[in-house]
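To keep things clear, I will list the structure first and then write my remarks on it.
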Amino acid sequence: MIGEDSLEITREEGDAMNKREKDGKGFISRRNFLKWTGGMALALPFAHVRRAHAAEEKTVTVAWDTEIDTLDPASFKTIGAYNVVANIYDTPIYWGVSPIPGKEGFFLSKPGDFVPRLAESWTREKDGGTIVFKVRKGVKFPTGNPVTAHAFKYSFDRGLLSPGYMRLIIPTLLMVDSPDQFEVRDDYTFAIKMKKPNPMDMDIIALSNNAILDPAEVKKHATSDDPWAANWLKRNPIGGGPYTLAKNIPGVEVVLEANKGYWQKPPYFERIVLKFVPSEADRVMLIKRKAVDMVVGRPGLSPKNVKSLEGEPGLKIFSVPDTTCHFVSMNQKRPPYDNIKVRQAINYAIPMEAIMPNVLFGYGRLMKSPVPDLTPTYDLTANKYKFDLEKAKALLKEAGYEKGFTTNMAIRLGWIPHEHAAIWMQREFEKIGIKVNIVKETDATFRQSMTQGLHEISIESWQSWVNDPLYHIQWNFHSKAKATNVNFYSNPEVDKLLEENMHETNLDKRNAASRELQKIIIEEAVWGFLWYDNWTRVMKTDLYGLEKRWDTFERYYSLFRKA
């Protein structure tokens, strides 16, 4: 998640998605999918199976639980869209990755590590306030048009001026509010002139939202009503990444094919087949049968199911700490959650000592701060909450709710850890007089209700695409972050600290502000603290080269098969 609009969904989109989820239209059925993966192979003669296996050597098949909303880099919202955009487009720079000791074939990003992509190098001017990129020469889009500084400028101009949420990200976080600040100095020199030096600039530029598009091709599809061709780009990407989009059948599959004209060596896998498998039980069965090579997504596989696959012949599990936060969201526009003592009572009543082993199974870490434990300035010292029902009861009494109350807790369908955690909380909350009705909603309904403030209390997750504390706090706790501040929290002191320190280059001052912000948010119990995720992927043992970056989305270019 990255900005105010990133969770917004129109009523029309929500209704359409809900209808499809209810009546099954557009989804491949379990019977047909299992027939595709198993029965078809059993019906073929052995010789044909051998030839098929050889042909599939350069294909990787992935089961996921997400779909594409739009392939416009400035506007996408779903996990599936980000995953595809990250593989079919290139950006000026990337987050670098390094080998993980003791985990052969796996790689991980480190803070502050950036590598060239379409920009082969960069320098700084004006005390760091201007970044000058040298565009890599000889690179072409799939159309044959060259990648130049003009394409860089068009793409950044489009992010700033088109209807997508990058129009909010670029001014707020990159400190650019005019296209004049994106400068073409010559055909292969492009400069970004920020208003002042910015501690987050390279992380923002590395986002896949800043994919470089082919201006000539996009302009062909612009209209007076849609000058940036946003409608066309929903289903028609025109990038120059390692893969191209070959097929996109909503509710069934997405197929990527290797870009034969890619400026680097061709990827090992010529085809990436992303199968939509909405049932986690089906995803488990498919990976156990080796009918797919890997399971990805969020949630992808729940910790309980990952645990069940430990030691499974032919499979391996890759799991590293991640920055994704899972928390109880309490809508402060709705009583009784406008009362700080009620929110504090909730934190004392959450049975994390039971949830961690029985829901996470070792694939997560206890949350002690609103800032992830992998993020600079993470500070747990202000957290006083631990499971204490007597303390929770006393706080409810102080708040005027000695007899308790009834509340509806919303969770997403299919998110098994959230469902199990809700049941644990339901059981313990009842002991202090809070009766919890668990309401399961489709993802579309959940997002729509959340952004409209219809939830009383819910279990939510958040992953910041930039591993920076103030970036993270901005989207979750600033009063103006209307679509991402799902608690509807408002504190002028928090807003002021964020606004004064977001772009502060004095790291001591900035870090002190982050710690103060954490202290305030913990004290005011804005979140009910649950856990931080592990980034976990289950795959066949012959897959290597998986890279985990800060935004958490797979890039398939580096993946290969090893005997």
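Reckoned from all heavy atoms, side chains included, excluding hydrogens, waters and symmetry mates.
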Salt bridge or not for [X] and [Y], using N-O below 4.0 Å?
X    : Y    : result
R447 : E441 : no
R510 : D468 : yes
K548 : D322 : yes
E104 : K562 : yes
D551 : R555 : yes

Exam field: side chain [X] to backbone [Y], donor-acceptor pair closer than 3.5 Å:
X    : Y    : result
S458 : E460 : no
E67  : G251 : yes
T91  : A211 : no

Could you please spell out the steps behind the side-chain contact (heavy atoms from CB on, under 4.5 Å) verdict for N476 and V526?
CA-CA 10 Å; N476 286 290; V526 185; over 6 Å; no
Sole residue of R271, K58, K247 in salt bridge (charged side-chain N to carboxylate O under 4.0 Å, His left out) with E257
R271
Only one of K275, K316, K540 forms a salt bridge (charged side-chain N to carboxylate O under 4.0 Å, His left out) with D293, so which one is it?
K540
Between W527 and Y489, is the gap from one ring center to the other below 6.0 Å?
no
Can you check side chain to side chain donor-acceptor pair (under 3.5 Å) on D203 and W465, steps first, answer last?
CA-CA 9 Å; D203 279 298; W465 294 350; over 6 Å; no
Side chains of T552 and Y82 in contact at under 4.5 Å (non-hydrogen atoms)
no
Is the shortest side-chain heavy-atom distance between I79 and W64 below 4.5 Å?
no
Report the C-alpha separation of V115 and Y94 in whole Å, then their side-chain angles, then the decisive distance to 0.1 Å, and conclude whether the side-chain contact (heavy atoms from CB on, under 4.5 Å) test is met.
CA-CA 5 Å; V115 295; Y94 245 13; 3.5 Å; yes
Heavy atoms only: give me the nearest A421-I459 pair and the separation to one decimal.
CB-CD1, 4.4 Å
By the definition ring-ring contact (aromatic ring centres under 6.0 Å, His included), identify the one residue from W531, W462, F529 that meets it with H326.
W531
Only one of Y363, F106, Y544, F107 passes ring-ring contact (aromatic ring centres under 6.0 Å, His included) with F318, and that residue is F106
In sequence, state the C-alpha distance, the side-chain angles, and the governing distance for N209 and Y165, and then conclude on side chain to side chain donor-acceptor pair (under 3.5 Å).
CA-CA 10 Å; N209 303 88; Y165 53 77; 3.0 Å; yes
Measure the acute angle between the ring planes of W415 and H418, then classify it against the limits of 30° and 60° as parallel, tilted or perpendicular.
tilted
